[in-house]
Amino acid sequence: MRNKMTGSEALLRSLVNEGVDTIFGYPGGAIMPVFDCLYDFKKELKHILVRHEQGATHAAQGYARVSGKVGVALLTSGPAATNAITGIADAMIDSTPILVITGQVASSLLGTDAFQETDVVGISQPITKWAYQIRSAEDIAWAVARAFYIASTGRPGPVVLDIAKDAQFSKIEYIPHEIKHIRSYIPVPEMEPENIAEAARIINEARKPLALIGQGVVIGNAEREILEFLRKADIPAASTILGLSAIPSDEPLNVGMLGMHGNIAPNMKTNECDVLIAIGMRFDDRVTGDLNTYAKQAKVIHLDIDPAEIDKNVKTTVAVLGDVKETLPEITRLLTENKHTEWRNEFRPHFEKEYESVIKKELFPQTGPLKMGEVVHKVSEATGHNAVLVTDVGQNQMMGVRYFKFTRTRSVVTSGGLGTMGFGLPAAIGAKYGAPDRTVCLFVGDGGLQMTIQELGTIMQSDIDIKIVLLNNEFLGMVRQWQELFFEERYSETPMKNPDFIKIADAYGISGKTVSERDDLDAAISEMLNTPGAYLLEVRIEKKGMVYPMIPAGTCVTNVLLGNE
């Protein structure tokens, strides 16, 4: 006879069995039995007390992105669950594996509008891979095992378990569960050899191939496979924002970033290549612009694990379904050694034009106020390009991904599809726990920081070593940029009157400094990186800085704005 335990202990035992070591959460009435049990699990589970439930979900995302494991958030019912919805939606669109566990009123009270009762499953179903309400303690071990399997396999994503309070109290005989198969769920489609062969044939015949690397390469742990593929056929490759660190920034075949604020060369060459090879990416509108003019001249090969992405936005010539770590080597095996020197040389004029028109002015200004790009560049240089980049959303995000460089995979943590302001600070907290031995650098704007600024309290309480670079222009910068370009400079509700951020950081016991002069920047960055623990470096940047290049929304990818040339 096994020893009986409560549903709460069964939940925590199940998490430990799944390899969980860190939980981000916030206690409350409907989850209190679990938190009481957590008191006895301090050696096995580290709990990080956030200051807001949205922060818990973003921290779980940051943890998952850099570690490759499932991030876990533990929350109570009602408003706690609804506060988590933004992070759940963010994780869904960016394919991030997280488990959000919410407490729920006792099963006898369900449907009575009891205190802090919400229909968590009904609310979260459209933005999860799976959402399930546990009403019996006997279901806990099974549900946790199923949740981890669904969250982490195939195209990853968020799952929600809503646990009734009486299920947390009830005593059961605990039987560990392991799930490796669900009849109705096919996480990895079967490879089709004929499509593999056809894809290889098209690539072998290509004169101007271009590869587009998405986050699927990182999720699939296919970094070595992608380099072998590219190098054998000498294929230039561009990345989506979330795919940026899949290959090193200095890889000769790396031609830059795609999208609205991406590099000129890959955007222009998308409409000149004869074969477009999309690998683990979903043809987001910020990458494609106007679909009616996107890569119409090219044969399109699309490698993806999710059948729903095939032909969703861009019509494919050949679809290669399956795990990219398995499908890429199969294509590579059939490729002939090739050289596309003439084609690759066609990228150079665009590199030079962008450098002269945009990059040189942004990274190496001789006079005037500090610029966003030069700050990002200097921090990246000072870290040896080995740090984890975390960004919030807005101009800070675009400058971060444009000018931070990478030598290691799983080095970009940002809100891609949902574009969630306030993501950065809690995500950086999670990233540090996911990669404790790496430097974590957060770039955030004055608007985004104030959306989740309370998480400075989490940093204080748990003594978390992250480096926060606040790019302060006293504007909602990206909205202001659009107002300047498309709304006749009518700056409606974008100027920001801000507090003294350094005083706020100091109140939380966090060291900090404000810099506004170029001559002081290098020393301030050095001080930030060499100060033990968290540090807030506020950089007063030009008020009306612009992120260029820019492709206006919904236009052709070759319609590139370069600012004042």
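Note that the structure is predicted; figures quoted are calculated from it, not measured. Note that the numbering runs from 1 along the sequence shown for the chain. Computation of the quantities below employed the complete heavy-atom set of this structure, encompassing side-chain atoms and omitting hydrogens, waters and symmetry-equivalent molecules.
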Side-chain touch [X]/[Y], heavy atoms, less than 4.5 angstrom:
| X | Y | value |
| --- | --- | --- |
| R540 | T514 | yes |
| E223 | I247 | no |
| L321 | V188 | no |
| L161 | V100 | no |
| I279 | I226 | yes |
| Q366 | K361 | no |
| N267 | I551 | yes |
| P499 | I504 | yes |

Under 4.0 Å between a side-chain nitrogen and a carboxylate oxygen: does that hold for E362 and K360? no
Do E352 and R348 sit within salt-bridge range, that is, some charged N less than 4.0 Å from a carboxylate O? no
Can you list the residues that meet the ring pair (Phe, Tyr, Trp, His ring centres under 6.0 Å) rule with [X], with sequence neighbours excluded?
| X | answer |
| --- | --- |
| F351 | none |
| Y355 | none |
| Y149 | Y185 |
| F35 | H47 |

To the nearest 0.5 angstrom, please state how far the [atom1] atom of [X] sits from the [atom2] atom of [Y].
| X | Y | atom1 | atom2 | value |
| --- | --- | --- | --- | --- |
| S245 | R65 | OG | CZ | 10.0 Å |
| N472 | L449 | CG | CG | 9.5 Å |
| F41 | S8 | CZ | OG | 9.5 Å |
| D21 | S67 | CG | OG | 8.0 Å |
| K232 | L227 | NZ | CG | 15.0 Å |
| S511 | L537 | OG | CG | 12.0 Å |

Could you walk me through whether I101 and L75 pass the side chain to side chain contact (heavy atoms under 4.5 Å, CB included) test, one step at a time? CA-CA 6 Å; I101 302 168; L75 312 169; over 6 Å; no
Donor + acceptor pair across side chains of [X], [Y] (<3.5 Å):
| X | Y | answer |
| --- | --- | --- |
| N530 | Y535 | no |
| T452 | E455 | no |
| T414 | Q397 | yes |
| Q61 | D94 | no |
| T86 | Q54 | no |
| D90 | S415 | yes |
| T407 | H385 | no |

With sequence neighbours left out, which residue pairs that include part of [range] fulfil the salt bridge (charged side-chain N to carboxylate O under 4.0 Å, His left out) condition?
| range | value |
| --- | --- |
| residues 464-478 | D465-K467, E474-K543 |
| residues 395-416 | E354-R402 |
| residues 247-263 | R231-E251 |
| residues 370-393 | K371-E542, E374-R518, K378-D522 |

Go through it in stages, so that I can follow the logic: the residues are H377 and F404, the test is ring pair (Phe, Tyr, Trp, His ring centres under 6.0 Å), and I'd like the CA-CA distance, side-chain angles, deciding distance and then a yes or no. CA-CA 6 Å; H377 171 71; F404 213 79; over 10 Å; no
Donor-acceptor under 3.5 Å ([X] side chain, [Y] main chain):
| X | Y | answer |
| --- | --- | --- |
| T128 | S124 | yes |
| K46 | T22 | no |
| K129 | M92 | no |
| Q395 | G545 | yes |
| E538 | L471 | no |
| T458 | L456 | no |

Among N396, N473, D446, which residue satisfies the side-chain contact (heavy atoms from CB on, under 4.5 Å) criterion with I541? N473
Grab the two heavy atoms, one from [X] and one from [Y], that are nearest each other, plus how far apart they are.
| X | Y | result |
| --- | --- | --- |
| I213 | A237 | CD1-CB, 3.8 Å |
| N263 | G256 | OD1-CA, 3.2 Å |
| Y63 | V70 | CE2-O, 3.9 Å |
| A387 | C441 | CB-SG, 4.1 Å |
| T57 | G87 | OG1-CA, 3.3 Å |
| T240 | G214 | OG1-CA, 3.5 Å |

Answer yes if the ring centres of F24 and H58 are under 6.0 angstrom apart, and no otherwise. no
Scan residues 220-267 for pairs that pass ring pair (Phe, Tyr, Trp, His ring centres under 6.0 Å), counting only residues two or more places apart or in two chains. none
Going by the ring pair (Phe, Tyr, Trp, His ring centres under 6.0 Å) test, which pairs reach into residues 454-476, not counting sequence neighbours? F475-Y491
Against R155, only a single residue in D323, D306, D304 fulfils salt bridge (charged side-chain N to carboxylate O under 4.0 Å, His left out); can you say which?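 Between R155 and the candidates, salt bridge (charged side-chain N to carboxylate O under 4.0 Å, His left out) is satisfied uniquely by D306.
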For atom OH of Y26, is the number of surrounding heavy atoms from other residues, nucleotides or ligands below 6.0 Å larger than 12?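 Atom OH in Y26 is not packed in, count stays at 12 or less.
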Identify each donor-acceptor pair in which a side-chain atom of residues 421-433 lies under 3.5 Å from a protein atom, sequence neighbours left out, and give them as a table.
unit_1	atom_1	unit_2	atom_2	d
K432	NZ	P436	O	3.2
K432	NZ	R438	O	2.7

Not counting sequence neighbours, which residues clear side-chain contact (heavy atoms from CB on, under 4.5 Å) with I93? List them please. R282, L418
Does the side chain to side chain contact (heavy atoms under 4.5 Å, CB included) test come out yes or no for S411 and L389, once each step is laid out? CA-CA 6 Å; S411 294; L389 167 70; 6.0 Å; no
